[in-house]
There are 2 protein chains.
Amino acid sequence: MEVLSPQTGASAESLAELLRRGNVFSEKCPSREVLKHVTSRWGVLVLVALLDGTHRFSDLRRKIGGVSEKMLAQTLQWLEADGFVLRVSYPVVPPHVEYSLTPLGRQVGQRVEGLADWIEGNLPQILAAQGGQG
Amino acid sequence: MEVLSPQTGASAESLAELLRRGNVFSEKCPSREVLKHVTSRWGVLVLVALLDGTHRFSDLRRKIGGVSEKMLAQTLQWLEADGFVLRVSYPVVPPHVEYSLTPLGRQVGQRVEGLADWIEGNLPQILAAQGGQG
DNA sequence: CCATACACTAACCTTTAGGTACGTACTTAC
DNA sequence: GTAAGTACGTACCTAAAGGTTAGTGTATGG
């Protein structure tokens, strides 16, 4: 068992190690980017929404209160590039595009949903803790 | 069972409902703010780091690769205000401050850690999915 | 015939997360 | 005597997230 110190920097060997396992505490680890997309403001909500099944663009937009078209498109592209979202476009007119989760996406989605659900369910306590600390 | 439509807006009754349960999909729900802090770039890492036990400011800074002092302080204040982090300051010189998780904080921390761990563990597959989709 | 829906893109603007650098008040180590 | 460590606050700046508006091409509904 080898512990990486973020301060000492990565040797040539530990770089390979990073790819093998990932270490979010290390500045250069690619997992930071993935985490950024997944935990982005709309990324969270898109993942949770898509756990319900395939959605069209407009469906997602209606379901997720407050998203702009631009941000929804952007977020979907991030998640698609990370291999979490599958985009299927039918060449008809008017345009018809379906978004769904890949198996990988379903797994992250579940963790994210767990987090979101916990916050929703414990909102009263959180709000109480906020106000009560004065 | 009542389903809230984000489009129709909240009635007086569903507003109270929001506070009782929380609904991330609704634009005005306070859970959005909490989620923002918890899933912020450094919020995630702070929560995971503090699951290991009490840390001093500088300890956290050394442990979390790449945080600036300003952002670490800011993030800790967000999480403290949300009732997730407990700050204990000893009036000695040089300053001595200890940060730890509240019971509430430990619970969110675990969900967040689950997510971070999953990403770390599945990094190879994610990276493969990214590159392989061309 | 005009509005709307669809799934976006492009251009432009605002906000804010985040970074850098400096100061502080005192102490220990060199 | 000087440098470093401690836990930040403040001021200033950049980059990026995010919002708003307009436009695309076609087809359906009124």
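Residue numbering restarts at 1 for every chain, and letters A, B, ... go by the order of the sequence lines.
Of the residues in residues 34-43 of chain A, not one places a heavy atom less than 4.0 Å from an atom of DNA chain C.
Taking 4.0 Å as the cut-off between side-chain N and carboxylate O, A:D59 and A:R56 do not count as a salt-bridged pair.
The side chain of A:P95 lies closest to C:dA7, out of C:dA7, D:dA7, C:dA5. You'll find that the side chain of A:S68 is closest to D:dT20, out of C:dC6, C:dT20, D:dT20. For B:A73, the listed nucleotide lying nearest its side chain is D:dC8; candidates were C:dC6, D:dC8, D:dT6. Nearest to the side chain of A:W78, among D:dG18, C:dC6, D:dC8, sits D:dG18. Set against D:dG9, C:dA11, C:dA7, the side chain of A:V97 has C:dA7 as its closest nucleotide.
Proximity of B:R87 to B:V97: side-chain heavy atoms (C-beta onward) are separated by under 4.5 Å at one or more points. Looking only at side-chain heavy atoms (C-beta outward), B:W118 and A:V38 stay at 4.5 Å or farther from each other.
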All N/O donor-acceptor pairs, side-chain side in residues 41-54 of chain B, below 3.5 Å, sequence neighbours left out:
from  : atom 1 : to    : atom 2 : distance (Å)
B:D52 : OD2    : B:K63 : NZ     : 2.9

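Residue A:L72 contributes atom CG, which lies 14 Å from atom C1' of C:dT9 at whole-angstrom precision. When rounded to the nearest whole Å, the span between CG of B:L60 and P of D:dA7 equals 10 Å. Atom CD of B:E98 is separated from atom C1' of D:dC8 by 16 Å (rounded to the nearest Å). In this entry the distance linking NZ of A:K70 with P of C:dT14 reads 13 Å, nearest Å. For B:E33 and C:dT15, the CD to C1' distance is 13 Å, given to the nearest whole Å. We find that CG of B:L45 is positioned 16 Å from P of C:dA17, with the value rounded to whole Å. In this structure, B:Q74 atom CD and C:dG18 atom P are separated by 9 Å, rounded to whole Å. Following rounding to the nearest Å, A:F57 (CZ) and C:dT4 (C1') show an atom-to-atom distance of 17 Å.
No engagement by B:Y90 is indicated, since no non-hydrogen atom pair under 4.0 Å with the nucleic acid exists. Contact annotation for A:Q77: backbone-only contact, meaning every heavy-atom pair under 4.0 Å involves sugar-phosphate atoms and none involves a base.
Residue whose closest nucleotide on DNA chain C sits further toward the 5' end, between B:M71 and A:S89: A:S89. Residue whose closest nucleotide on DNA chain D sits further toward the 5' end, between A:V67 and B:S58: B:S58.
Taking 4.0 angstrom as the limit, A:R56 places none of its side-chain polar atoms (N or O) nearer than this to OP1 or OP2 of C:dC6. Considering only side-chain N and O atoms, A:R61 lies nowhere under 4.0 angstrom from the phosphate OP1 or OP2 of C:dA5. Taking 4.0 angstrom as the limit, B:R62 places a side-chain polar atom (N or O) nearer than this to OP1 or OP2 of D:dT6.
Formation of a donor-acceptor pair under 3.5 Å by the A:T102 side chain with backbone atoms of A:F84 is found in this model.
The minimum heavy-atom distance between A:S31 and A:V24, with the atom names listed, is OG-CA, 3.8 Å.
Under the 4.5 Å side-chain heavy-atom criterion for grouping Ile, Leu, Val, Met, Phe, Trp and Tyr, B:L35 is not connected to A:W78 through any hydrophobic cluster.
Using cut-offs of 30° and 60° on the angle between ring planes, the pair A:H96 and A:Y90 is perpendicular.
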